[in-house]
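Whatever order the structure lists ligands and atoms in, that order sets their numbers, starting from 1.
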Amino acid sequence: MAVDNPARGKRIVGSELLEELRKIVGPTQVWVDPEKLEAYSHDETDAKTYGHMPDAVVFPQTVEEVSAIVKLANRYRFPLIPRGAGSGLSGGAIPHQGGVVVSLERMNRLLEIDTANMVAVVEAGMVTNDFARAVEEKGLFYAGYPMSLETCCIGGNIAENAGGGKAIKYGVTGRYILGIELVTPRGDIVWLGGKLSKDVTGYDLKSLLIGSEGTLGIVTKAIVKLIGLPTAKADLLVLFRTPQDAIDAVPEILTRGVVPTSIEFMDRLSIQTSCRYLNETLPYEQAGALLLIEVDGKDPDQVEQDMITVGQLCEEKGALEVYVAQDKNNMERIWSVRRNIAEAFKVYCPVQSLEDIVVPIREIPRLIPELEKLSRTYGIQIPCYGHAGDGNLHATLVKDPQMSMETWKVVEDACLQDLYTLVTRLGGKISGEHGIGIKRKKYFQALASPVELELMRALKKAWDPNNIMNPGKIMDLE
Ligand SMILES: Cc1cc2nc3c(=O)[nH]c(=O)nc-3n(C[C@H](O)[C@H](O)[C@H](O)COP(=O)(O)OP(=O)(O)OC[C@H]3O[C@@H](n4cnc5c(N)ncnc54)[C@H](O)[C@@H]3O)c2cc1C
């Protein structure tokens, strides 16, 4: 049925197993052609460093098909790697030990919008933006989406517990997931949670799944909480002389009674790079950094008042200029610059490491001089942007074009170790939203408490005794 897999030291899919998979999902829904498989060999991390070809990709369309695939994998012990859109930034969807990628992209239906209960039921492969738009047409709001909403899927958001630009006020994906239909690592089908605002009936297994990076089962459906659509909003684009000035303002804004929807930070190099990529202009020339602050609500007068309060506070904190955007066109222009920073750095600085460190909000001002120190120590640029209002910043280590790849690898590793040690010292964590996957596994294992690691390993072994589900991610088991 199978051949040896040297990377795993166990067995992996052969032609007879492929036949079994075809019987489950249909002959056209099992791909083995290397040209087609390439797109499934990486996510949005560096493909050269982390990419690995799967043996096959399967495209189930029902939960029963997913269950049958998982049971087959248990019988013959081959790895399964659940996959949404592959927009992940930690290598979570990469089949780094080979095996079969289970793509949820055909399970993409919106099954129900239940306005009486203010929830929707959706399949895991639905693109997040399609879902957000569909509920918006009913005057409802799904607030738990990340910045990559145009590509990523609901299932991937749940598996990463994604957070986006609205997390200060609305929270991250997990706050909106009331129920999950799960195929367990042994192939059983179970609903966890339900259309409930409260549920303390036994262990909260649904919450354990959120952020488990595809290692504890395959999410096939979700019950998602909806809220009323905010109808008024305003964006402030605030220029500061230095990144430190901008960051110093953040904890102050958060403690003055107004709860902004977003406080996004962008240093000069990040804005410049994104504007160049989009052929856009923003008035940033005199500024070392910008804050993009959004306030929203249902009452336009209240939103106006909040906007004035936040604007005045920024001026008190030394802002050079406060611009206000209240029309849709200008708001979209500014947010597009913010959303495209990562993509722009990928184009102009393809060798880089995009990080998403998180620290307690009061500690953010201490990060900036430390990042500048790391930049000087290692002779690389470390542009920085991100969700400053959540203490979550995308410091991006960028290879100097003159640096050899060999040197870069050494520098990247040493700089990441220093960076992660620093955030841990500040009471932070190495990832606020992108997860551990394979990219941060080594550092996570070195910095996490041994007791916490042991508890995680025990959970993984109990849920997935044959180590089928996304093996080798987050931590090693032995
Ligand atoms: C430009 C850009 C901007 C981004 N902005 C943000 C941001 O603002 N906030 C943020 O949090 N992230 C952001 N990300 C990262 C990424 O988009 C998120 O992690 C997203 O949630 C991944 O969803 P996906 O469908 O692409 O998942 P994938 O990349 O396909 O998979 C991610 C992980 O989830 C697992 N998985 C996927 N589907 C399932 C399922 N149905 N059941 C079980 N496990 C599953 C996979 O095995 C893998 O471990 C950004 C990425 C890019 C490229």
Side-chain angles (χ1 to χ4, degrees), residues 39-40 42-45 50 54 57 60 63 66 70 79-96 99 101-108 122-129 131 144-167 172-174 177 180-185 209-222 262 264 274 277 335-336 338-347 354 356 358 385-387 390 392-394 396 431-439 441 469-474:
Y40 296 84
H42 57 85
D43 60 3
E44 287 294 324
T45 50
Y50 301 105
V57 184
V63 65
V66 175
V70 177
L80 292 177
I81 302 88
R83 185 177 176 103
S87 73
L89 286 164
S90 54
I94 296 174
H96 75 307
V101 169
V102 182
S103 168
L104 276 295
E105 59 201 271
R106 287 171 74 222
M107 296 181 69
N108 60 1
V122 59
E123 288 186 324
M126 187 166 194
V127 172
T128 308
N129 203 27
F131 175 68
Y145 59 81
M147 299 287 233
S148 50
L149 76 164
E150 282 161 20
T151 47
C152 62
C153 301
I154 294 286
N157 298 164
I158 294 172
E160 294 290 356
N161 196 10
K166 296 181 189 300
V172 298
T173 301
I177 304 304
I180 285 175
E181 182 190 66
L182 180 76
V183 175
T184 71
L209 256 295
I210 297 168
S212 63
E213 302 190 23
T215 61
L216 296 180
I218 302 184
V219 176
T220 44
K221 294 189 192 83
S262 330
E264 294 292 311
S274 186
Y277 174 69
W335 274 100
S336 178
R338 165 61 190 89
R339 273 200 310 272
N340 279 284
I341 297 174
E343 204 50 43
F345 275 126
K346 261 192 116 171
V347 170
L354 168 54
D356 73 310
V358 61
Y385 61 96
H387 319 295
D390 308 322
N392 181 204
L393 287 180
H394 298 312
T396 307
S431 175
E433 52 182 27
H434 299 162
I436 302 301
I438 42 178
K439 183 179 171 186
K441 182 170 119 175
M469 201 57 67
N470 219 356
K473 302 285 166 60
I474 306 179

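- Some N or O of C153 is nearer than 3.5 Å to an N or O of ligand 1, by distance alone.
- Take T220 and apply the side chain to side chain donor-acceptor pair (under 3.5 Å) test, not counting sequence neighbours, and it matches E181.
- In terms of heavy atoms, T215 sits closest to K473 at CG2-CB, 4.0 Å.
- Among all non-hydrogen protein atoms, the one lying nearest atom 47 (O) of ligand 1 is P82 O, 2.6 Å.
- Using modelled atom types and a 3.5 Å distance limit, the side chains of S431 and D356 yield a donor-acceptor pair.
- We find the OH-OG1 distance between Y145 and T128 to be 11.0 Å, quoted to the nearest 0.5 Å.
- Closest to atom 28 (P) of ligand 1 among all protein heavy atoms lies G86 N, 3.5 Å.
- E264 and H387 share a donor-acceptor pair across their side chains, judged by distance under 3.5 Å alone.
- Geometrically, ligand 1 and G84 share a nitrogen or oxygen pair separated by less than 3.5 Å.
- When only interatomic distances are considered, the shortest N/O to N/O separation between S87 and ligand 1 falls below 3.5 Å.
- E433 and H394 share a donor-acceptor pair across their side chains, judged by distance under 3.5 Å alone.
- Ranking the protein heavy atoms by distance from atom 12 (N) of ligand 1 puts H434 CD2, 3.6 Å first.
- Residue L89 has at least one heavy-atom neighbour below 4.0 Å for each of these atoms of ligand 1: 14 (N), 15 (C), 50 (C), 51 (C), 52 (C).
- In this structure, L354 and T45 have side chains that are not in contact, with every pair of non-hydrogen atoms separated by 4.5 Å or more.
- The residue among I218, N157, L354 with a heavy atom at the shortest distance from atom 20 (C) of ligand 1 is N157.
- From S87, atom OG reaches atom CG of D43 across 8.0 Å, with rounding to the nearest 0.5 Å.
- Checking only distances, G164 never comes within under 3.5 Å of ligand 1, N or O to N or O.
- With hydrogens and angles ignored, the 3.5 Å screen pairs a side-chain donor or acceptor of N470 with a backbone N or O of G92.
- Near A124, with a cut-off below 4.0 Å to any heavy atom, the atoms of ligand 1 are 41 (N).
- A distance of 4.5 Å separates CE of M469 from CD1 of I218, quoted to the nearest 0.5 Å.
- Put simply, the side chain of K441 gets close to the backbone of G472: a donor and an acceptor are under 3.5 Å apart.
- Among all protein heavy atoms, the one lying closest to atom 1 (C) of ligand 1 is A342 CB, 4.1 Å.
- If you check which protein heavy atom lies closest to atom 32 (C) of ligand 1, you get E160 OE2, 3.4 Å.
- Residue-ligand proximity: G217 is placed with a non-hydrogen atom under 4.0 Å from ligand 1.
- What sits closest to atom 9 (N) of ligand 1 on the protein, heavy atoms only, is G163 O, 2.4 Å.
- Each of the following atoms of ligand 1 lies closer than 4.0 Å to a heavy atom of N470: 47 (O), 49 (O).
- Applying the 4.0 Å criterion to heavy atoms of L104 picks out, from ligand 1, the atoms 41 (N).
- E213 is listed as a side-chain neighbour of I436, based on a closest heavy-atom distance under 4.5 Å.
- For ligand 1, the atoms lying closer than 4.0 Å to a non-hydrogen atom of G92 are 47 (O), 48 (C), 49 (O).
- Between N161 and T173, the side chains place no donor N or O within less than 3.5 Å of an acceptor N or O (distance only, hydrogens not considered).
- Contact atoms of ligand 1 toward A159: 34 (O), 35 (C), 36 (N), 44 (N), 45 (C) (distance under 4.0 Å to a heavy atom of the residue).
- Taking a cut-off of under 4.0 Å to the non-hydrogen atoms of E433, the atoms of ligand 1 that pass are 7 (C), 8 (O), 9 (N), 10 (C), 11 (O).
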Side chain to side chain contact (heavy atoms under 4.5 Å, CB included) between R338 and M147, worked out: CA-CA 9 Å; R338 165 61 190 89; M147 299 287 233; 3.4 Å; yes
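- Considering backbone and side-chain N/O of E44, none are found under 3.5 Å from N/O of ligand 1.
- Of the protein's non-hydrogen atoms, the one nearest atom 41 (N) of ligand 1 is V219 O, 2.9 Å.
- Protein heavy atom at the shortest distance from atom 14 (N) of ligand 1 is S148 OG, 3.6 Å.
- Remark: distances from the non-hydrogen atoms of H387 to ligand 1 include one below 4.0 Å.
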